[in-house]
Structures are given as structure tokens and as C-alpha cells.
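One structure is given below, encoded as C-alpha cells.
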Amino acid sequence: MSLNHSPETQTKLIARVPSITGRDLPEWFEAIDNGPSFLRCEERANWLADEHGLSHGYAAAIVLEHERRRRF
């Protein structure tokens, strides 16, 4: 699974997360923070998809957004 989305695709996926998943981004970020301590983003995305029943595309978008916001 690739975690590389175009910026446009990433923006569209993130905008749809609440309506598709029923949870806002801060809730997903909390799940990632409280989940297993994986070193790689791909591992976190796989865990998020498997544990919470998300598609890998949405899981990857959430993980990438989480990483992006943590840097600031």
C-alpha cells in the first residue's frame, strides 16, 4: 500500500473523513496516539484500517495528516 497521495487527493480524502467514518480527525488522531507504537506510517495506516474497518486510502490519509500536523 502506498501512502503517497497527490495533494489534491489528500485534501479531498481528509475533507470526507467525518462523513465517511462518523468520526472527526481529532478522534482519529487520538486513536493513533493511543494505539500501538509503530515506527513507520505504513504500519500505522495498516493498523488503523484493520482495527477500525477503514479503507486503506482513508487510513493512509488520516495517518499522513496526523504526521503533517505533528510537525508544527
Side-chain angles (χ1 to χ4, degrees):
M1 175 187 71
S2 173
L3 294 183
N4 297 320
H5 296 120
S6 72
E8 292 172 5
T9 300
Q10 177 71 11
T11 299
K12 289 176 183 178
L13 287 170
I14 289 301
R16 288 186 289 221
V17 164
S19 62
I20 296 294
T21 68
R23 295 171 76 178
D24 292 325
L25 285 175
E27 293 176 76
W28 288 117
F29 296 162
E30 185 177 338
I32 293 169
D33 290 339
N34 293 330
S37 297
F38 294 117
L39 295 177
R40 296 175 42 217
C41 289
E42 187 171 339
E43 292 172 321
R44 286 193 291 273
N46 286 335
W47 170 80
L48 200 61
D50 294 344
E51 185 71 20
H52 296 280
L54 298 174
S55 73
H56 283 281
Y58 280 105
I62 292 167
V63 169
L64 287 174
E65 192 67 20
H66 180 257
E67 286 298 308
R68 192 173 288 143
R69 291 185 187 193
R70 280 184 31 187
R71 290 184 203 144
F72 297 105

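The figures here come from the full heavy-atom set of this structure, side chains too, leaving out hydrogens, waters and symmetry mates.
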Partner set under side-chain hydrogen bond (donor to acceptor under 3.5 Å, both in side chains) for S6, not counting sequence neighbours:
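With sequence neighbours excluded, S6 shows a side-chain hydrogen bond (donor to acceptor under 3.5 Å, both in side chains) to T9, given in chain and number order.
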Residues which pass side-chain hydrogen bond (donor to acceptor under 3.5 Å, both in side chains) with D33, listed by chain and number, not counting sequence neighbours
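D33 satisfies side-chain hydrogen bond (donor to acceptor under 3.5 Å, both in side chains) with H66 only.
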Taking the side chain from E65 and the backbone from I62, do they hold a donor-acceptor pair closer than 3.5 Å?
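Here the side-chain-to-backbone pair does not exist.
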For E67, check salt bridge (charged side-chain N to carboxylate O under 4.0 Å, His left out) against everything at least two apart and list the hits.
R44, R70
Would you say that H56 contacts D50 through its side chain, given a criterion of any heavy-atom pair below 4.5 Å between the two side chains?
yes
Shortest non-hydrogen pair, A59 vs L48, comes out as O-CD2, 4.0 Å
Please find the pair of heavy atoms, one from H5 and one from A61, that lie closest to each other, and give the distance.
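Minimum heavy-atom contact is CE1-N, 3.8 Å.
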Residue set satisfying side chain to side chain contact (heavy atoms under 4.5 Å, CB included) with P36, at least two apart, ordered chain then number -> F38, W47
Can you tell me how far the CD1 atom of I32 sits from the CD atom of E51, to the nearest 0.5 Å?
12.5 Å
For residues 14-23, run the donor-acceptor check on the side chains, cut-off 3.5 Å, and write out each pair with its distance to 0.1 Å, sequence neighbours left out.
from : atom 1 : to  : atom 2 : distance (Å)
R16  : NE     : K12 : O      : 3.4
R16  : NE     : Y58 : OH     : 3.3
S19  : OG     : R16 : O      : 3.1
T21  : OG1    : V17 : O      : 2.6
T21  : OG1    : R23 : N      : 3.2
T21  : OG1    : R23 : O      : 3.1
T21  : OG1    : W28 : NE1    : 3.0

